[in-house]
Amino acid sequence: MRSSIAETSEPLPVSAAVLQRSLLDWYDRHGRDLPWRKPPDVLDPYRVWVSEIALQQTQVKTVLPYYQRWFDRFPTIADLAQADLQAVLKAWEGLGYYSRARNLRRAAQLVMERHGGQFPRTLAEAIALPGIGRTTAGGILSSAFNLPLPILDGNVKRVLARLIALPVAPAKALDRLWAASEAVVSLDRPRDLNQALMDLGATVCTARKPACLVCPWMAYCQAYQTNQQQQIPVSEPKAPIPHKVIGVAVIRNPQGQILIDRRPAEGLLGGLWEFPGGKVEPNESIADCIRREIQEELGIEIAVGEELIVVDHAYTHFKVSLHVHLCEHLQGEPQAIECDEVRWVTLAEIDQFPFPKANTTIIEALKQRFPDA
DNA sequence: TAAACGTGGTC
DNA sequence: TGACCAAGTTT
């Protein structure tokens with residue numbers, strides 16, 4: 001019994017066989033040559049898994065320099081499972097979305113416990129691991145084991161939204177997009193088909209100025225055929241993001257050491273180190289803010305000195321201006337009140353700790369200011 | 001369901 | 001400079 005147009009309409013504008021043949025032929029000639037895509041890497045589920053996690057919301061070019069380095073440090077799932085969280089975060093430093101690194105390590109431990117150190121081969125078992133959703137699971141299993149499972153990452157959403165001329169934002173039509181992805185997955189070459197979909201999105205069916213004239217799906221693309229490729233996919237309105245002004249302290253002691261703290265394990269930049277500080281309240285000076293925050297967070301008194309640098313940084317859902325001042329420790333033993341740990345370190349030691357990007361900018365400024373330290 | 005969660009590149 | 005975008009998952 002068919003109940004609605006939406007449920008009964010075909011998921012694809014032409015047969016899957018036609019789409020598969022044209023796309024795979026294009027992929028054989030124009031697909032990208034990526035390390036996790038060819039043997040021996042593609043035959044190692046661990047390598048494919050790490051690449052899929054690193055590539056979440058992250059472009060290939062950004063991931064490339066991290067990829068081999070990761071396996072130098074954590075050659076096997078067992079090595080990752082046993083590694084210190086701090087070492088894992090240091091290897092991930094700069095990639096962002098640090099819950100990915102925490103989840104990767106935790107999932108490695110679960111693979112050891114549940115699957116004897118072998119990455120599981122079923123969708124349900126893969127999705128049960130932290131940090132692996134349906135897209136990543138499909139990506140890993142199709143790539144590593146050539147299983148016919150659909151994916152729906154940003155590239156595929158855009159490609160399929162254009163192919164079917166989706167009239168609403170992809171987030172509002174995930175069921176239809178998953179159905180289209182499932183319909184187009186090749187039974188012969190699922191690995192190549194999925195990789196081809198992503199390559200098409202990354203290199204031809206791009207967000208801005210898609211190269212429709214060289215697209216293997218030009219003749220079938222409902223967006224192109226109706227000249228809507230610039231308007232599709234429909235974008236969602238985005239909420240304005242707040243801008244916070246933060247006072248930050250570089251606190252030095254008479255030995256020339258600097259005080260850093262480790263952020264709580266979960267949440268924003270969880271487990272990473274930083275220079276202490278906090279949000280400037282209305283009608284509060286930067287210096288007053290820094291003194292107050294350091295008293296509240298670390299329980300010590302400091303003297304706030306000259307400004308070292310102002311760092312503007314944009315996160316996904318807010319922006320900050322870090323007003324960083326050089327400070328002197330006056331009295332009190334630093335306590336980890338609103339963080340997980342505090343340490344005095346020298347500039348020579350500081351590179352051993354994982355820091356978020358905005359703080360590495362501060363470290364660079366410090367090294368310039370104190371080149372002999 | 002919507003917000004939280006990083007960073008680098010482009011226009 | 002600011003807005004937008006890029007191989008999403010979690011809560």
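Here is how names work: the chains are called A, B, and so on, in the same order as the sequence lines, proteins then strands, and each is numbered from 1.
Under the 3.5 Å distance criterion, with hydrogens and angles disregarded, a donor-acceptor pair is assigned to the side chains of A:Asp312 and A:Ser321. The closest side-chain donor-acceptor pair between A:Glu341 and A:Trp273, if any, does not fall under 3.5 angstrom. Donor-acceptor pairing under 3.5 Å is recorded for the side chains of A:Asn253 and A:Gln255. A side-chain donor from one of A:Gln109 and A:Arg106 sits under 3.5 Å from a side-chain acceptor of the other. Side-chain N/O atoms of A:Gln195 and A:Asp199 include no donor and acceptor closer than 3.5 Å. A:Ser22 and A:Asp25 are not linked by any side-chain donor-acceptor pair at a separation below 3.5 angstrom, with hydrogens and angles left out of the test. Residues A:Thr122 and A:Glu125 have side chains that bring a donor and an acceptor to within less than 3.5 angstrom of each other.
Looking at A:Tyr46, A:Trp70, A:Tyr67 one by one, the single match for ring-ring contact (aromatic ring centres under 6.0 Å, His included) with A:Trp36 turns out to be A:Tyr67.
Aromatic ring centroids of A:Trp49 and A:Phe119 lie under 6.0 Å apart.
A donor-acceptor pair under 3.5 Å is formed between the side chain of A:Arg105 and the backbone N or O of A:Ala83.
Near DNA chain B, meaning a heavy atom under 4.0 Å away, the residues from residues 307-317 of chain A are A:His313, A:Ala314, A:Tyr315, A:Thr316, A:His317. For the segment residues 45-57 of chain A, the set of residues with a heavy atom within less than 4.0 Å of an atom of DNA chain C comprises A:Glu52, A:Leu55, A:Gln56, A:Gln57, in numerical order. Against DNA chain B, the stretch residues 155-174 of chain A makes no heavy-atom approach under 4.0 Å. For the segment residues 67-95 of chain A, the set of residues with a heavy atom within less than 4.0 Å of an atom of DNA chain C is empty. Heavy-atom distances under 4.0 Å link DNA chain C to A:Leu129, A:Pro130, A:Gly131, A:Ile132, A:Gly133, A:Arg134, A:Thr135, A:Thr136 of residues 119-152 of chain A, given in residue order.
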Shorter than 3.5 Å, N or O on both sides, protein versus nucleotides 9-11 of chain B: list them out with atom names.
none

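In this structure the side chain of A:Val342 reaches within 4.5 angstrom of the side chain of A:Leu298, judged on heavy atoms.
For the pair A:Arg47 and A:Phe71, the cation-pi test (distance below 6.0 Å, angle within 45°) is passed. The side-chain tip of A:Lys90 does not point at the ring of A:Phe353 from less than 6.0 angstrom away and within 45° of straight on. Note that A:Arg100 lies outside the cation-pi zone of A:Tyr97, set by a 6.0 Å cut-off to the ring centre and a 45° limit from the axis.
As rounded to whole Å, 7 Å separates atom C1' of C:dC4 from atom NZ of A:Lys238. If you measure from atom CD1 of A:Ile241 to atom C1' of B:dA3, you get 13 Å, rounded to the nearest angstrom.
Under a 4.0 Å N-O distance rule, the pair A:Arg292/A:Glu284 qualifies as a salt bridge.
Judged by atom type and distance alone, A:Arg32 reaches the base of C:dA7 through a side-chain donor-acceptor pair under 3.5 Å. Under 3.5 Å, the side chain of A:Thr58 and the base of B:dG8 form no donor-acceptor pair of N or O atoms.
Between A:Val60 and A:Asn103, the one whose closest nucleotide on DNA chain C sits nearer the 5' end is A:Val60.
No engagement by A:Val63 is indicated, since no non-hydrogen atom pair under 4.0 Å with the nucleic acid exists.
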